[in-house]
Amino acid sequence: MNAEKLSMRLTAVAKYVPKEARLADIGSDHAYLPSYLVKNAGIPFAVAGEVAKGPYQSAKSNVMAEGLSDRISVRMGDGLEVIESGEIDCITIAGMGGALIASILENGKEKLETVKRLVLQPNISAITIRLWFLENEWELIAEEILEEDGKTYEILVAEKGNAKRPYQKNKMEMELLMGPFLIQNQNEIFKKKWLSESSNWERVKKQLENAAATPETVEKRKEIEDKLKLVEVALKIEKS
């Protein structure tokens, strides 16, 4: 992977960044995504943000080697600290846990006033991001699920709007967990992911059944049973 050829995961993220957007890629690592977008997708300006010194230096070196230092500003800082209010209209955050992505957005909320689109790729716990969208009036407008190197990734795209619009009232719990657009357009990767999750939950449930009945284990078991039912309904699995 380099600035010319991205991974399948980052290629999928890149296609949701609007042409001519002023981009901030948070947790940019080698700055491959902003470099690719500036070179190939009409992005006039990008910020590559990194909190760790090693990736920051790597991003800076790569941007310089690509001759893009006049269009990509590599900055070291925590989350949205690296951008100024009004400077950016699209933010990408890829390759982190959903809870960390949500906390980055929450901690930098004042920087989001002029941002028009968020393109987020959590490695786990996409539900955390969907809940953050709901609480902060960001409308989920697209989702994608893909598999690369044996790992499953979800991409969530949101814009300011009616945060409840994508959800059906009687299915909200299921749609928050699994994704309203992904449920509507189930592909084989989606089915494989949730069958695998269900299998893991069944294993944990059996362990809890053999454990001492404490309030914590009872609560955990109910939580797992509730999730299993949601997945069963979503995949239309019939009990044998």
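- Side chains of S199 and S196: a donor-acceptor N/O pair is absent below 3.5 angstrom, by distance only.
- Across G49 and V82, no two heavy atoms sit closer than the pair CA-CG2, 4.0 Å.
- A donor-acceptor pair shorter than 3.5 Å can be found between the side chains of T128 and S125.
- E50 places no side-chain N or O within 3.5 Å of a backbone atom of P55 that could act as its donor or acceptor partner.
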Residues E147, K192; criterion salt bridge (charged side-chain N to carboxylate O under 4.0 Å, His left out); working and verdict: CA-CA 10 Å; E147 186 176 39; K192 181 180 172 184; 2.8 Å; yes
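- For K220, the NZ atom sits in a loose shell: 12 or fewer heavy atoms of surrounding residues, nucleotides or ligands are nearer than 6.0 Å.
- Under the salt bridge (charged side-chain N to carboxylate O under 4.0 Å, His left out) rule, R221 has a single partner from E223, E225, E219, which is E225.
- Between W138 and L105, every side-chain heavy-atom pair lies at or beyond the 4.5 Å cut-off.
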Criterion salt bridge (charged side-chain N to carboxylate O under 4.0 Å, His left out) on E66 and K39, from CA distance to verdict: CA-CA 9 Å; E66 293 288 341; K39 291 178 82 172; 2.5 Å; yes
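- For E188 and K191, the salt-bridge test passes: some basic side-chain N is under 4.0 Å from an acidic carboxylate O.
- A cation-pi arrangement is found for R9 relative to Y153, the charged atom lying closer than 6.0 Å to the ring centre and inside a 45° cone about the ring normal.
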Verdict with supporting geometry, E154 and R130, salt bridge (charged side-chain N to carboxylate O under 4.0 Å, His left out): CA-CA 12 Å; E154 291 180 44; R130 293 188 189 102; 2.7 Å; yes
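- The backbone N or O of A31 lies less than 3.5 Å from no partner atom in the side chain of N62, so there is not a single donor-acceptor pair.
- Looking only at distances, a side-chain donor or acceptor of E87 sits under 3.5 Å from a matching main-chain atom of E84.
- By the 4.0 Å N-to-carboxylate-O rule, K116 lies too far from E159 to be salt-bridged with it.
- The side-chain contact (heavy atoms from CB on, under 4.5 Å) check on E81 picks up D78, with sequence neighbours excluded.
- In this structure, the side chain of Q121 does not engage the main chain of I155 through any donor-acceptor pair within 3.5 Å.
- Smallest separation of non-hydrogen atoms from A24 and I88: N-CG2, 3.7 Å.
- S61 places a side-chain N or O within donor-acceptor distance of the main-chain N or O of Q57, the cut-off being under 3.5 Å.
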